[in-house]
Amino acid sequence: MPNEDQSSPSVAVAVRTLLVGGYDLDTGGERQPTHIEIRCEKPSVFGVRVRFLIAITDSSAFTAEQIGDIERLAAQESRTVVFVGPDSTDDQLGW
């Protein structure tokens with residue numbers, strides 16, 4: 001049986017994973033009714049910092065409306081958006 005970290009999204013696990021991976025977290029996670037948004041960045045191999053907006057949901061997948069809203073927010077902040085959910089789909093990474 002998988003442990004909790006493997007079967008359901010956890011903000012603490014996501015933050016630890018990003019920190020260990022060398023990402024700098026810009027702020028604490030921003031909770032929304034259906035998901036959490038984590039802003040982070042990391043230097044690329046070319047020397048520029050790449051900025052990300054990582055959206056994590058407990059739902060099976062983000063709705064089209066949520067995807068549009070989050071993508072607009074990421075574009076306004078010049079960030080690359082990454083969607084994460086319990087299962088992998090065409091639009092999101094699986095937890």
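Counting begins at 1 with the first residue of the sequence.
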Exercise for review: Answer yes if Leu53 and Tyr23 sit in the same cluster of Ile, Leu, Val, Met, Phe, Trp and Tyr residues linked by side chain heavy atoms under 4.5 Å apart, and no otherwise.
Suggested key: no

Exercise for review: Taking Thr57 for its side chain and Phe62 for its backbone only, find out whether a donor-acceptor pair lies under 3.5 Å.
Suggested key: no

**Study point:** Heavy-atom side-chain proximity of Leu25 to Glu41 below 4.5 angstrom
**Key:** no

Check your understanding: Side chains of Asp26 and Arg79: closer than 4.5 Å at any heavy-atom pair?
Key -> yes

Point to revise | Non-hydrogen side-chain atoms of Leu73 and Gln76 separated by less than 4.5 Å | key: yes

Practice item. May I ask you to decide whether Arg31 forms a salt bridge with Glu37, counting only side-chain N to carboxylate O separations under 4.0 Å? Key: no

Check your understanding: Within the distance-only criterion (no hydrogens, no angle test), does the side chain of Arg51 pair as donor or acceptor with the backbone N or O of Glu77 below 3.5 angstrom?
Key -> yes

Point to revise | Connected via hydrophobic side-chain network under 4.5 Å: Val81 and Leu18 | key: no

Review point. Considering only heavy atoms from C-beta outward, does the side chain of Ile54 approach that of Cys40 to under 4.5 Å?
Key: yes

Review point. Would a distance-only check, ignoring hydrogens and angles, find a side-chain to backbone donor-acceptor pair under 3.5 Å from Ser44 to Phe46?
Key: yes

Check your understanding: Has the side chain of Lys42 got a donor or acceptor atom that lies under 3.5 Å from a matching backbone atom of Gly21?
Key -> yes

Review point. Counting distance only, does the side-chain N/O of Glu71 pair as donor-acceptor with the main-chain N or O of Gly68 below 3.5 Å?
Key: no

Check your understanding: So, are Arg39 and Asp24 salt-bridged, with charged N and O less than 4.0 Å apart?
Key -> no

Check your understanding: Do the non-hydrogen side-chain atoms of Leu93 and Phe83 ever get within less than 4.5 Å of each other?
Key -> no

Point to revise | Note, Val11 side chain near Ile56 side chain (heavy atom, < 4.5 Å) | key: no

**Study point:** Considering all heavy atoms, the nearest Ala55-His35 contact
**Key:** CB-CD2, 4.2 Å

Practice item. Decide yes or no for Ile38 and Val15: does some side-chain heavy atom of the first lie under 4.5 Å from some side-chain heavy atom of the second? Key: yes

Check your understanding: To the nearest 0.5 Å, how far apart are CD in Gln92 and OG in Ser59?
Key -> 9.0 Å

Check your understanding: Side-chain contact, heavy-atom cut-off 4.5 Å: Ile67 with Asp91?
Key -> yes

Exercise for review: Carefully, step by step, assess Arg72 and Asp69 under the rule side chain to side chain contact (heavy atoms under 4.5 Å, CB included).
Suggested key: CA-CA 5 Å; Arg72 279 188 291 282; Asp69 290 345; 2.5 Å; yes

Review point. Could you go step by step and tell me if Trp95 and Val84 meet the side chain to side chain contact (heavy atoms under 4.5 Å, CB included) rule?
Key: CA-CA 6 Å; Trp95 188 256; Val84 180; 3.5 Å; yes

